[in-house]
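Notes to accompany the following structure.
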Amino acid sequence: MTNISWRAPAMLPVSAEISSVPMYRMTFGLTVNSHQLIYDSLHLDLKGLSEKAFTYALEGLEELKEEGKVLNDSVITIVDFDQPSVNKRMYILDVKNYKLLFNTWAAHGRKSGTLVATSFSNTLSSNKSSLGFYLTDEPYYGGNGYSLKLKGLEPGLNDRAMQRAIVLHGARYVSQESIQELGYLGRSFGCPAVPVELSQPIIETIKEGSILFIYNSSYRPRLFLAGS
């Protein structure tokens, strides 16, 4: 069982929100400076990815690498559910070569919200998305075509992903046509579905041992205190 053991900064009062990024840098120290270089060089702020989501993702990746959980530590997938579904809120990064490999739409669960995902669950048949860190598993062919199994790594938060059949797959409702018709992206049963035309190249890029992180501002790591 995996525990995300790095300590997140304390919650800030609303008046201090503008100073949250400098506080992150102070908290995480030199490691974040190297991460900051990736964030800035890829202009991820201009592409809509918050620095807070990015920092959580990269710090979690480092922790999971130390635990020996990660087979592919070059690639990380970040899904930012603070953004509305009409935004291209999935980012697949090659952090070793400073490349943004994919930036595309990702669906959320139909009971997580309409335009924006606001409610999350680890419960069977909830039809909601689950936040946190996942390890990509093996691809397979199923009812949604070529799909990718996801193993939830955070107890109580997403560790029922396999039981719930939460996978990455392509879907026709993840498209500009869906947005034009509905005013928002089509929704899944909880899976981070992607455009059909990108599903296979995305799966081939991230399969079998890379990290996928689903973020929302309500996310808090499951902290683990050594010796407790």
Side-chain angles (χ1 to χ4, degrees), residues 2 4-12 14 16-67 69-106 108 116-117 129 131-136 150 153-154 157-158 168 192 194-195 198 201-202 205-206 209-223:
T2 297
I4 302 299
S5 62
W6 47 276
R7 183 180 298 277
M11 288 291 289
L12 297 173
V14 173
E17 280 296 318
I18 58 172
S19 64
S20 60
V21 171
M23 181 171 286
Y24 265 84
R25 294 174 186 167
M26 291 173 63
T27 303
F28 295 127
L30 293 177
T31 303
V32 159
N33 289 336
S34 63
H35 296 166
Q36 187 67 30
L37 187 57
I38 299 171
Y39 184 83
D40 291 343
S41 67
L42 295 178
H43 306 290
L44 295 176
D45 56 336
L46 300 179
K47 298 182 184 300
L49 180 62
S50 75
E51 188 172 357
K52 189 172 182 180
F54 177 81
T55 299
Y56 269 128
L58 270 290
E59 285 296 321
L61 174 62
E62 292 298 324
E63 175 68 22
L64 292 165
K65 283 168 56 178
E66 290 178 9
E67 293 184 10
K69 303 291 185 183
V70 184
L71 297 179
N72 179 358
D73 62 0
S74 295
V75 174
I76 186 168
T77 303
I78 306 171
V79 182
D80 183 2
F81 278 162
D82 267 359
Q83 298 184 43
S85 65
V86 295
N87 287 13
K88 293 185 175 181
R89 54 186 179 174
M90 174 180 279
Y91 306 81
I92 301 178
L93 310 173
D94 180 341
V95 295
K96 289 190 174 178
N97 294 300
Y98 290 53
K99 292 180 179 179
L100 177 61
L101 303 176
F102 297 92
N103 178 205
T104 190
W105 293 295
H108 58 252
V116 180
S129 299
L131 302 176
F133 287 89
Y134 296 78
L135 186 68
T136 63
L150 301 174
L153 297 178
E154 298 196 58
L157 191 66
N158 62 19
L168 189 148
V194 299
L198 292 179
I202 285 176
T205 299
I206 71 173
S210 74
I211 293 300
L212 181 147
F213 175 56
I214 299 180
Y215 173 79
N216 172 268
S217 55
S218 65
Y219 171 79
R220 298 293 179 270
R222 296 298 196 257
L223 302 181

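Note: hydrogens, waters and symmetry copies are ignored here, and every other heavy atom, side chains too, is used.
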Notebook entry, point to check: Just wondering, do P195 and W105 contact through their side chains at under 4.5 Å, heavy atoms?
Noted result: yes

I'd like to check K69 versus E63 (side-chain heavy atoms, cut-off strictly below 4.5 Å). Are they in contact? no

| field | Side-chain (N158) to main-chain (L153) donor-acceptor, under 3.5 angstrom | value | yes

Ring pair (Phe, Tyr, Trp, His ring centres under 6.0 Å) with F213: of F81, F133, Y91, only one passes, and it is F133

Are the side chains of M90 and L168 in contact, using a 4.5 Å heavy-atom criterion?
yes

Q. Between Y39 and L49, is there a donor-acceptor pair closer than 3.5 Å when you use the side chain of the first and the backbone of the second?
A. yes

Would you say that L100 contacts I92 through its side chain, given a criterion of any heavy-atom pair below 4.5 Å between the two side chains?
no

Sequence neighbours excluded, the answer for side chain to side chain contact (heavy atoms under 4.5 Å, CB included) partners of K65 is L61, E62, V70, D73

Taken in chain and number order and not counting sequence neighbours, the residues that satisfy side-chain hydrogen bond (donor to acceptor under 3.5 Å, both in side chains) with T104 are none

dist I206:CD1 -> L101:CG (nearest 0.5 Å) comes out at 10.5 Å

Margin query: Do S218 and L131 have side chains that approach each other closer than 4.5 Å (heavy atoms only, starting at C-beta)?
Written below: yes

Just by modelled atom types, is the A57 backbone N or O under 3.5 Å from a matching donor or acceptor in the Y215 side chain?
-> no

The residue among L58, I76, I78 that forms side chain to side chain contact (heavy atoms under 4.5 Å, CB included) with I211 is I76

Taken in chain and number order and not counting sequence neighbours, the residues that satisfy side chain to side chain contact (heavy atoms under 4.5 Å, CB included) with S74 are N72, D94, K96

- Message: Quick check: do L44 and L93 have side-chain heavy atoms less than 4.5 Å from each other?
- Response: yes

pair F102-P201: side-chain heavy atoms closer than 4.5 Å: yes

N87 meets the side chain to side chain contact (heavy atoms under 4.5 Å, CB included) criterion, sequence neighbours left out, with Q83, P84

Q: Report yes or no: does T136 contribute a side-chain atom to a donor-acceptor pair with the main-chain N or O of L150 at less than 3.5 Å?
A: no

For residues 76-93, the salt bridge (Lys or Arg N to Asp or Glu O under 4.0 Å) pairs (sequence neighbours left out) are none

Taken in chain and number order and not counting sequence neighbours, the residues that satisfy side chain to side chain contact (heavy atoms under 4.5 Å, CB included) with I38 are L42, F54, V95, Y98

